[in-house]
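Proteins get letters first, then strands, A, B, ... in listed order; numbering begins at 1 in each.
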There are 2 protein chains.
Amino acid sequence: MPRGPAPARRVTIIDVARHAGVSTTAVSKVLNNAYGASSQMQAKVRAAIDELGYRPSASARGLRGQTYTIGVMLPDIRNPFFADILDGINAQLDGTDYQVLIAASCNNEPGEAHVTDAMIDRNMDGVILIAPLTSRQRLERIAGTMPTVVVGRHGHSAVYDTVADDDFVGAGLIVAHLAELGHRRIAHIEHHETNPVRLIEMPNAVRADGYRHAMRAHSLGEHIDLASTTYTQQGGYLGAKQLLARPQRPTAIFAGADIVAMGVLDALTEASLSAPADISVAGYDNTTFAAFGPISLTTVDQAGNQIGTNAARLLLDRISDNNRPTTQVKLSPTLVVRRTTAPL
Amino acid sequence: MPRGPAPARRVTIIDVARHAGVSTTAVSKVLNNAYGASSQMQAKVRAAIDELGYRPSASARGLRGQTYTIGVMLPDIRNPFFADILDGINAQLDGTDYQVLIAASCNNEPGEAHVTDAMIDRNMDGVILIAPLTSRQRLERIAGTMPTVVVGRHGHSAVYDTVADDDFVGAGLIVAHLAELGHRRIAHIEHHETNPVRLIEMPNAVRADGYRHAMRAHSLGEHIDLASTTYTQQGGYLGAKQLLARPQRPTAIFAGADIVAMGVLDALTEASLSAPADISVAGYDNTTFAAFGPISLTTVDQAGNQIGTNAARLLLDRISDNNRPTTQVKLSPTLVVRRTTAPL
DNA sequence: TTGAAAGCGCTAACAC
DNA sequence: GTGTTAGCGCTTTCAA
């Protein structure tokens, strides 16, 4: 079936001006709540806008100034933890004129570069980058182009704000919990990392560090045991397989992320083992999945929602004043004990 | 710490033209692979683009024509089924000049209107609407404004293309499977729906219809039993509570979506019951979650990936020729038997 | 308080 | 094959 005729021309600011019997300048001023429009004029213009169903073109606006668009770069749309962050962002931006647009699944540096370039090209008013792998230098270049908030990555920048969770402390919470339950052979599945900067800044590396530090603090240094894979379900599965094959099998596995813990549970099931009867398992993130009854995963709550609201607030602040000093928000994680961990 | 000085002015097409010693038209032609540029000129221009690191402004382009942006409206970012669709979309669009931008969490009609308006305002080249609740009339209005593909909704339109799964058949697959296992009291948890158009077009309604029809076809009409909630984990939980409280408790529960089945399993756990020992449970969507070992949910595979590739392909076709007749793609679901269903 | 007009960066019609 | 130029819809000086 053929489509109809070409759609009618869009209503422009000129149509509104003509309809209201004023200048386009006046309409623009009303749209932007700018100084210099009598309340009488405001009323006339608003009436015309409503009658004509006028909506400003973001492209045209972008050519001169703002696009009222905020970009969020998400590394992995399947990790439900990111959904919590998004909820926080949306909650904070709800009611403002900004529209959040997400670019997902850019899980490597070239992919991230592609996405951030696309956001710059589209004149976005600001971006929130979630757990980016991108080099510091490039991050600062991006932040030099548009207001930027980096989420989930440690380190301090003079050009972008950051929001992160204290992963070092969080990892310690898990180790302390397991040690208290009597576990000594506590293994950790980490996201493999060699890049020296990321080794300091990425949450996965900080968690691994926190794990090592806490193990030593509990005099368990000799039992430090890492499986180095990725923060994915598959990574958890492979990591668990490695650990289960050790001559001295660990009695507890601390997975670096809930999604990793899922992979661990998967591997346990496959090996006819279960948590916590055979092995205690802990995750990190407290995703909705972890709370799910049949799983009931012990984990660390990062308050994804708060991370999101903080990131959005910082971004709005920076959009309104790009010269303010940068802020580093560091949130404190809390332990959530559920049913996958038990006394040895 | 204060931010540095304002960033340098962006490189424009004029800079490129000057640098290459040609006109802006020439640059534009090269950028768009348009007719009328000698290979010699192409080389000069490309060299200048590279040297200057020029990238076209999407806002400026949008004012004249395309923005090279495709919008995807997602009702719920937590439902992993949608991630499969997105993967398909991204796979199909990878390598093209289009950037996919997602607007998520618009789980009601006003929210959807807000998002689609935002996409129109931003001059997007096309949109993929996933399981929209929006009225048919509004959908057609949107499609009259920009190329549109509607995913996961039945019904035929002369202005937009559709991609859907045969939910009627899919529901029948589950009922047949459970009936074959000897179940008779097979209950269904549906997403509550009263709107007459949506009752025909929305997948949830079609699945409920398919359930009823299949029950009768297996001479189980008298056992038709519906709990009417929502397609969320919470909805599954509440639906299961309702069904468990029946004087004659069902022996099998067919949840309308995997995420609903999660809620069902949650409720079972809470009631110290388990699947399939006490009650068989089936879902719909075959999300990655369903395949997860410790869950191992019997479900229906909708091939979300294929849905996505089809949607993206149709959209590209329509962008290139907006007058072609509309296409309706209907994919066939398949049954995936796992460990949550067992003989009575 | 109001409006005329320049111009943001790009594309496309048109002239050479 | 190449360049000139008129806008696309908006914001923003600047003059009235």
Whole-Å distance between dC10(C) P and Asp121(A) CG? 10 Å

Taking the side chain of Ser57(B) as its heavy atoms from C-beta onward, which of dC10(D), dT2(D), dG9(C) lies nearest to it? dG9(C)

Under 4.0 Å, heavy atoms only, any strand: does Thr25(B) hit a base, just the sugar-phosphate, or nothing? base

Side chain of Thr12(A) only, please: which of dG3(D), dT1(C), dG9(D) is the nearest? dG9(D)

For the base of dA4(C), is there a side-chain donor-acceptor partner from Thr24(A) under 3.5 Å away? no

Cut-off 3.5 Å, side chains only: do Gln328(A) and Tyr160(A) have a donor facing an acceptor? no

Separation of dA6(D) atom C1' from Leu63(B) atom CG, nearest Å, is 13 Å

From the candidates dT11(C), dT12(D), dG3(C), the one with an atom nearest any side-chain atom of Ser28(A) is dT12(D)

Salt bridge between Asp87(B) and Arg78(A), side-chain N to carboxylate O under 4.0 Å? yes

Spacing between Arg64(A) atom CZ and dT11(D) atom C1', to the nearest angstrom: 5 Å

Base, sugar-phosphate alone, or nothing: which one does Val22(B) contact when heavy atoms must sit under 4.0 Å apart? sugar-phosphate

Could you walk me through whether Thr116(B) and Arg138(B) pass the side chain to side chain donor-acceptor pair (under 3.5 Å) check? CA-CA 10 Å; Thr116(B) 49; Arg138(B) 238 194 84 87; 2.7 Å; yes

OH of Tyr54(B) versus P of dG9(C): gap in Å, rounded? 10 Å

I'd like to know if Arg318(B) pairs up with Asp125(B) as an ion pair, taking the criterion as any Lys NZ or Arg NE/NH1/NH2 lying under 4.0 Å from an Asp or Glu carboxylate oxygen. no

Quick one: which of dT2(D), dT11(D), dC10(C) gets closest to the side chain of Asn32(A)? dT11(D)

